[in-house]
K.L.:
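I'd like to ask some things about the structure below.
Side-chain atoms are counted along with the backbone in the values below, which use heavy atoms only and exclude waters and symmetry mates. As the structure is a prediction and not an experimental result, all values here were calculated from the model. Just so it is clear: chains get the letters A, B, ... in the order the sequence lines come, proteins before strands, and each one is counted from 1.
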Protein chains: 2
Amino acid sequence: MSDVELTLRRFNRSFTQRIGVLDSSFLGSGRPLGEARLLFEIGAAERVTTLELRHRLGLDSGYLSRLLRALESDELVVVAPDPDDGRRRVVDLTAAGRQAWDELDARSDELATALVSPLTERQRAELDRALETARRLLEAATVRFDVVDPESTDAVTAMSTYFAELDERFTGGFDPGDTLTADAESMRAPHGRFVVARADATVVACGGIVRIDDDTAEIKRMWVAEGWRGLGLGGRMLADLEHRIEAMGAARIVLDTNAVLTEAITMYERHGYRPTDRYNDNPYAQRWFTKPCRS
Amino acid sequence: MSDVELTLRRFNRSFTQRIGVLDSSFLGSGRPLGEARLLFEIGAAERVTTLELRHRLGLDSGYLSRLLRALESDELVVVAPDPDDGRRRVVDLTAAGRQAWDELDARSDELATALVSPLTERQRAELDRALETARRLLEAATVRFDVVDPESTDAVTAMSTYFAELDERFTGGFDPGDTLTADAESMRAPHGRFVVARADATVVACGGIVRIDDDTAEIKRMWVAEGWRGLGLGGRMLADLEHRIEAMGAARIVLDTNAVLTEAITMYERHGYRPTDRYNDNPYAQRWFTKPCRS
DNA sequence: GTGATCATCTGACTAAAGTCAGAGAAATGT
DNA sequence: ACATTTCTCTGACTTTAGTCAGATGATCAC
């Protein structure tokens, strides 16, 4: 067994000692670290809600409020009520705020440049690859799986991307018609579920459950975002859905798929799914699988 | 050009968000972060001087003193005067301190384990490799080159290791005799210099300069520690020494080497050194090189 | 031996970071 | 329509973190 834990901790020690500088670079901006970090976070996205900021930076609501007021009194940000939900507030940079942000960004970039400057071009490329690999894997490892409403923004985005991809890959294309809204009800609790996997705020995978009868539940709309494949997310999504199906008390799982989706088929087979008879009249399906629940 | 800077910053953001937890894991130990970090640092080595701690953690002496007193009053550490130098003090863990340390360590390990647990064995191995590569490169990038006295601990350690290695590689071995002390004077300012490269506190390379005559300076004792080779440190040490020689006002550089040290020979050639006549009677030398100074 | 230097400690601070308990406004469930 | 929940804000705090100016004692250079 490889001892990643040790490597991870050793890396963490070494890294924070060296690159912690990148953060304290926010110091020297004449602004306390907390404020600077907040400013940076606001400028990274445009139009953030305070709620999002709170989650992303892990701040107490009172504390955040005070920090925002400080930035506001420096005329770096404007805070306005969210038109969609009057309880929330949205934050945005002013022109002066954008300028301050740019300065933070430039300083941070300078430090990063200085840090890697002793390396040769080849070593820099190697470092680039290593960091990218590590980031991808760590982000994949910390992806979170949550049940959401099938008509929520995240769900709709995920399925639309999925459908667009099917349209490209299927010979003869794929026409979703009104499936998006038509399916919604069947994938809502208590009959069904819709699960999205998120890395930070971006949706990187999804999957749905539909109860067919007392015994049987179907898995549908399984998808992993391009650029996030090969990281085992498909398998983890499948396992997550299976757990939920078991918890819902079904005895067996079914699913269908198109013959061109070979990676999917391989994955199902690897996870114990066996071919079964056609159980529906889905015109896009050429393969049908089933698997008993464990319990 | 690869944009490592961007990758580095993106990685930093992503990493600190996820692994920052590893540090704040020190919280939840019922001890403030500063104290916990100090305790951890004390336990990682045995018998540290406060001076070392101050450098490693970058703390103000007054602040450190106070933190130590807090740990002491909790009976986690004992602070005693250093027998070698009465101004300094050495810190060590008590039994209770060791126990507290073990708890911190266990908690940190748990978190690391939980973090990577969703990954497959293969992915974990890949992460391990990527993090190791990144750490090596970042540590190499941040190595510092300093002039030290040729009889200082660091210099002596470096040269002893170097000599031991020569003894192994040279056909017929290498007998340093009293070179260590005999050379010291010639490598001290103003006639000469001795430079060590350090990553954190460990010496990873060294090199010496000896003034031969008004025109000429010799480079000696160039060595890069095993495990730190292939990272361009040799080239950087060479460049560092050359700069110092130029600043000393010499017009040309000479150096000798043994025929078995092929990597060194290749490096000298790559850096513009050309073969020259034997200029000394070093019994271990078979090759002599020279290079003019730029100015 | 003596003056300069070095390392630690103490007292007296300040600023930043973070917590907690409500109050008040908007949305939601039934 | 009314109770409940969800968010944000304010006031009143505490704790950490960090700085600065000496004082004290040990060591070093000459």
K.L.:
What residue pairs, at least two apart or across chains, pass salt bridge (Lys or Arg N to Asp or Glu O under 4.0 Å) with a residue in residues 61-81 of chain A?
P.N.:
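Counting only pairs at least two positions apart or across chains, the salt bridge (Lys or Arg N to Asp or Glu O under 4.0 Å) contacts touching residues 61-81 of chain A are A:R31-A:D74.
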K.L.:
Which residues satisfy the side-chain hydrogen bond (donor to acceptor under 3.5 Å, both in side chains) test with B:T7, sequence neighbours excluded?
P.N.:
A:D128
K.L.:
Examine distances only and state if a side-chain atom of B:T113 and a backbone atom of B:D109 form a donor-acceptor pair shorter than 3.5 Å.
P.N.:
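Here the side-chain-to-backbone pair exists.
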K.L.:
Using ring pair (Phe, Tyr, Trp, His ring centres under 6.0 Å) as the criterion, list what pairs up with B:F163, not counting sequence neighbours.
P.N.:
B:F174
K.L.:
Detail all sub-3.5 Å separations between protein N/O atoms and N/O atoms belonging to nucleotides 28-30 of chain D.
P.N.:
none

K.L.:
Heavy atoms under 4.0 Å is the rule here; annotate nucleotides 15-20 of chain C 5' to 3' with B where the base is hit, S where only the sugar-phosphate is, and - elsewhere.
P.N.:
-SSBBB
K.L.:
Could you name each residue pair satisfying salt bridge (Lys or Arg N to Asp or Glu O under 4.0 Å) that touches residues 144-162 of chain A, not counting sequence neighbours?
P.N.:
A:R144-A:D146, A:D146-A:R198, A:D149-A:R188, A:E151-A:R188, A:D154-A:R198
K.L.:
Tell me: CZ of B:R88 to C1' of C:dC9, nearest whole Å?
P.N.:
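Rounded to whole Å, this separation is 17 Å.
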K.L.:
Give every pair of a protein N or O atom and an N or O atom of nucleotides 2-4 of chain D that lie under 3.5 Å apart, one pair per line with the distance.
P.N.:
none

K.L.:
Under a 4.5 Å cut-off applied to non-hydrogen side-chain atoms, are A:V195 and A:R221 in contact?
P.N.:
no
K.L.:
Just the rounded figure in Å: distance from C1' of D:dG18 to CG of B:L57.
P.N.:
14 Å
K.L.:
Going by heavy atoms closer than 4.0 Å, what residues in residues 68-79 of chain A are next to DNA chain C?
P.N.:
none
K.L.:
Which heavy atom of A:H191 sits nearest to which heavy atom of A:M248, and what is that distance?
P.N.:
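Closest approach of A:H191 to A:M248, heavy atoms only: O-CE, 3.2 Å.
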K.L.:
What integer distance in Å separates B:L64:CG from D:dA17:P?
P.N.:
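After rounding, the gap between these two atoms is 13 Å.
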K.L.:
Which residues pass the ring pair (Phe, Tyr, Trp, His ring centres under 6.0 Å) test with A:F145, not counting sequence neighbours?
P.N.:
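Here no residue qualifies.
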K.L.:
Strictly by modelled atom types, are A:R9 and B:S108 linked by a side-chain donor-acceptor pair under 3.5 Å?
P.N.:
yes
K.L.:
Mind jotting down which residue pairs meet the ring pair (Phe, Tyr, Trp, His ring centres under 6.0 Å) criterion with at least one end in residues 87-110 of chain A? Sequence neighbours excluded, please.
P.N.:
A:F40-A:W101
K.L.:
Whole angstrom is fine here: how far is it from CZ in A:R89 over to P in C:dA27?
P.N.:
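Checked: the CZ to P distance equals 13 Å.
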K.L.:
Not counting sequence neighbours, list each pair that qualifies as a ring pair (Phe, Tyr, Trp, His ring centres under 6.0 Å) and has a residue in residues 50-76 of chain A.
P.N.:
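Not a single pair qualifies under ring pair (Phe, Tyr, Trp, His ring centres under 6.0 Å).
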K.L.:
Checking B:A134 now: which residues fulfil side-chain contact (heavy atoms from CB on, under 4.5 Å) with it, not counting sequence neighbours?
P.N.:
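Listed in chain order: A:F11, A:L127, A:A130, A:L131.
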K.L.:
Does this structure show an ion pair linking B:R87 with B:D82, if we count only N-O contacts that are shorter than 4.0 Å?
P.N.:
no
K.L.:
Could you state the atom-to-atom distance from NE2 of A:H55 to C1' of D:dC7 in whole Å?
P.N.:
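These atoms are roughly 11 Å apart.
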